[in-house]
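Note that the structure is a prediction, hence the values are computed from the model and not measured.
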Amino acid sequence: MSTETAPAADPVAAPPPAGWAEARSRVYAVGLAAALPAVNRPLAETDGHTLAGPLTTRTDLPAFPTSSVDGWAVRGAGPWRPVGRVLAGGTPAPLTEDGTTVEIATGAMVPEGVTAILRVEESRRTPEGLVDGTPRPSPEWREPGEEAHAGEELVSAGTPVDPALIGLAAACGHDSLLVRRQPRAALLVFGDELLTAGPPVGGRVRDALGPAVPAWLRRYGCLVRPVDVVGPVADTLPAHVAALRAALGTADLVCTTGGTMHGPVDHLHPALAALGADHVVNTVAVRPGFPMLLSRLVDADGRVRFVAGLPGNPQSAIVALVSLVAPLLAGLAGRPMPVLPHATLAEPVRGRGTYTHLALVRLDRAAGTAYPVRHVGSAMLRGLAGADGFAVIRPGTSGEPGDRVPVVPLPLLPGERAW
């Protein structure tokens with residue numbers, strides 16, 4: 001392990017930690033101010049992106065009257081003489097003579113002149129080969145514009161793109177969508193004491209965040225390549241500065257693990273100062289995970305990049321991800337600030353004094369209840385592996401059974417819907 005030490009911090013100059021809700025609002029605002037540019041993408045490549053403009057329909061939906069059943073399109077009173085067939089995808093001739101009918105398939109264009117559609121299962125043939133039956137009183141076809149009119153806004157900008165939205169866009173006649181470019185992210189793992197393979201041995205521990213954090217970032221919609229994950233970075237200030245500078249060359253967001261305190265080999269703060277970064281948030285009044293930070297760098301050309309300092313303890317690092325990185329990425333994507341769902345506590349959850357407590361919970365979605373999980377120390381991952389999110393216990397309170405509390409969900413795969 002390196003013996004180079006970081007410069008001593010001035011404890012008097014250290015700002016008080018930001019409140020948890022305030023920190024989330026602050027990082028969302030700076031993310032939204034630096035929202036990523038809009039790009040056109042083919043529909044097949046838009047899942048997990050965010051709409052950069054509203055989705056409008058290019059035509060009426062449906063664009064023409066379409067049969068909603070298989071049956072007979074009839075004119076006038078029956079029984080009716082069959083004169084043809086209409087299948088989906090064709091343009092039928094008008095039905096001009098009373099007492100005539102054409103066989104029609106679901107989704108086919110309804111011919112002009114049709115007065116009713118008789119369902120095939122409710123029809124019968126007469127000995128003379130005519131079609132007979134009683135059509136239902138309500139029309140059995142969809143009228144043009146029944147779902148939407150041409151030019152109507154169907155989905156607003158800032159909406160995440162999922163398979164349902166992609167299908168709607170295709171039905172509206174779109175081949176591509178205007179979406180926000182996905183953020184490029186990188187991860188720097190700090191700590192000479194970390195192993196990247198095998199079990200812990202000889203005072204060194206296995207790095208759990210190097211493999212895990214990129215996967216979390218991808219679930220938030222980031223692009224993270226294997227080459228963007230670097231570490232362990234040597235515990236020296238020059239190595240930290242060089243690693244940050246290299247990562248910031250291509251990434252919109254660089255996450256780091258460890259080094260967020262002011263210990264003898266914690267070089268993150270001086271490295272950020274050397275690069276001219278300014279802190280958006282420097283420590284948050286939340287447990288676990290309070291020594292988290294988010295910094296911003298602005299190039300001469302106005303390009304904005306961010307560094308999220310995650311604590312080295314694994315669960316604390318994930319708390320920092322859901323607390324700071326999630327709202328930042330929402331802003332960069334032009335999405336609304338995430339609204340937290342609520343659940344009812346099934347068991348007590350202790351408070352953490354003047355700090356917000358993010359308590360790992362398992363959710364019973366059918367009942368709307370949250371159950372605290374075990375093995376939730378800052379350095380533990382066992383509880384996280386069985387949890388669905390974090391219950392938010394406000395400062396100065398404890399969670400009691402029956403209390404309705406906000407829950408920060410763990411990120412899902414792009415396009416998935418929570419709850």
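Under the 4.5 Å side-chain criterion, counting only non-hydrogen atoms from C-beta, Leu248 is in contact with Val307. Side-chain contact between Val408 and Leu340 is present, with at least one heavy-atom pair separated by less than 4.5 Å. Annotation: side chain of Thr283 is not in contact with side chain of Leu293 (no heavy-atom distance under 4.5 Å). Two residues are said to be in side-chain contact when any heavy atoms from C-beta on lie closer than 4.5 Å; Ile393 and Leu345 meet this criterion. Looking at Pro42 and Thr46, their side chains never come closer than 4.5 Å, going by heavy atoms from C-beta outward. Considering only heavy atoms from C-beta on, Leu154 comes within 4.5 Å of Thr57 through its side chain. Contact annotation: the side chain of Leu187 never approaches that of Asp228 to less than 4.5 Å [non-hydrogen atoms, C-beta and beyond]. Looking at Val131 and Val74, their side chains never come closer than 4.5 Å, going by heavy atoms from C-beta outward.
To the nearest 0.5 Å, the span separating OG on Ser323 from CG on Leu294 amounts to 11.5 Å. Taking CZ of Arg142 as the start and OG of Ser68 as the end, the distance is 8.5 Å to the nearest 0.5 Å. Atom CG of Leu55 sits about 9.0 Å away from atom OG1 of Thr159, to the nearest 0.5 Å. From Leu177, atom CG reaches atom CG of Leu165 across 6.5 Å, with rounding to the nearest 0.5 Å. We find the CD1-CG distance between Ile318 and Leu310 to be 7.5 Å, quoted to the nearest 0.5 Å. Between the CG atom in Leu321 and the CG atom in Leu217 there is a gap of 6.0 Å [rounded to 0.5 Å].
For Ser398 (side chain) and Gly351 (main-chain N/O), a donor-acceptor pair under 3.5 Å exists by modelled atom type. Judged by distance alone, with hydrogens and angles left aside, the side-chain atoms of Ser316 form no donor-acceptor pair with the main-chain N or O of Pro311 at under 3.5 Å. Counting only distance, with no hydrogens or angles, the side chain of Asp266 and the backbone of Thr260 share no donor-acceptor pair below 3.5 Å. Gln315 places a side-chain N or O within donor-acceptor distance of the main-chain N or O of Val376, the cut-off being under 3.5 Å. Side chain of Arg206 to main chain of Gly198: a donor-acceptor pair is present (N/O by atom type, distance under 3.5 Å, no hydrogens or angles). Not one N or O on the side chain of Gln182 forms a donor-acceptor pair closer than 3.5 Å with the backbone of Cys222. At least one donor-acceptor pair under 3.5 Å links the side chain of Arg184 to the backbone N or O of Thr250. Judged by distance alone, the side chain of Arg180 and the main-chain N or O of Leu36 form a donor-acceptor pair under 3.5 Å. A donor-acceptor contact shorter than 3.5 Å links the side chain of Ser25 to the backbone of Ala21. The main-chain N or O of His149 is never found under 3.5 Å from a side-chain atom of Asp60 such that the two would form a donor-acceptor pair.
Applying the salt bridge (charged side-chain N to carboxylate O under 4.0 Å, His left out) test to pairs two or more places apart or on separate chains, none has a residue in residues 337-364. Note on residues 383-409: no pairs pass ring-ring contact (aromatic ring centres under 6.0 Å, His included), not counting sequence neighbours. Sorted by first and then second residue, the ring-ring contact (aromatic ring centres under 6.0 Å, His included) pairs involving residues 184-214 (not counting sequence neighbours) are Phe190-His240. The stretch residues 238-265 participates, sequence neighbours left out, in these salt bridge (charged side-chain N to carboxylate O under 4.0 Å, His left out) pairs: Arg181-Asp252. Contacts classified as ring-ring contact (aromatic ring centres under 6.0 Å, His included) and involving residues 276-301 (residues at least two apart or in different chains) are given here: His269-His279. Applying the salt bridge (charged side-chain N to carboxylate O under 4.0 Å, His left out) rule to pairs touching residues 304-331 yields Asp299-Arg305, sequence neighbours excluded. The list of salt bridge (charged side-chain N to carboxylate O under 4.0 Å, His left out) pairs with a residue in residues 150-160, not counting sequence neighbours, is empty.
A pairwise comparison of heavy atoms in Asp47 and Pro163 identifies OD1-CD, 3.7 Å as the closest pair. Here the shortest heavy-atom pairing between Thr256 and Gly309 reads OG1-CA, 3.4 Å. The nearest pair of heavy atoms linking Leu188 to Ala247 is CD2-CB, 4.2 Å. Scanning both residues, Leu178 and Asn40, for their nearest heavy atoms gives N-OD1, 3.7 Å. Contact detail for Pro183 and Leu329: the closest heavy-atom pair is CG-CD2, 3.8 Å. For Ile104 against Ala73, the heavy-atom pair with the smallest separation is CG2-N, 4.0 Å.
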Walk me through it: do Val373 and Val361 pass the test side-chain contact (heavy atoms from CB on, under 4.5 Å)? CA-CA 5 Å; Val373 301; Val361 292; 5.7 Å; no
Trace of the side-chain contact (heavy atoms from CB on, under 4.5 Å) decision for Leu384 with Leu410: CA-CA 9 Å; Leu384 183 69; Leu410 290 169; 4.1 Å; yes
Test side-chain contact (heavy atoms from CB on, under 4.5 Å) applied to Arg75 and Val114, step by step: CA-CA 5 Å; Arg75 174 167 177 153; Val114 167; 6.0 Å; no
Test side-chain contact (heavy atoms from CB on, under 4.5 Å) on Arg24 and Val281 and set out the steps. CA-CA 9 Å; Arg24 284 171 57 83; Val281 171; over 6 Å; no
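In this structure, Arg303 places its CZ atom where more than 12 heavy-atom neighbours from other residues, nucleotides or ligands lie under 6.0 Å away. More than 12 heavy-atom neighbours from other residues, nucleotides or ligands sit within 6.0 angstrom of CE on Met337.
Legend: residues meeting side chain to side chain donor-acceptor pair (under 3.5 Å) with Glu143, ordered by chain and number and at least two apart, are Trp141. In terms of the ring-ring contact (aromatic ring centres under 6.0 Å, His included) criterion, Phe306 has no residue partners (sequence neighbours excluded). Under the rule for a side chain to side chain donor-acceptor pair (under 3.5 Å), the partners of Arg85 that lie at least two apart in sequence or sit in another chain are Glu103. With sequence neighbours excluded, the residues satisfying side chain to side chain donor-acceptor pair (under 3.5 Å) with Arg382 are His375. Scanning for side chain to side chain donor-acceptor pair (under 3.5 Å) contacts around Arg394 gives an empty result, with sequence neighbours left out.
The side chain to side chain contact (heavy atoms under 4.5 Å, CB included) test with Val392 is passed by exactly one of Thr356, Val405, Val407: Thr356.
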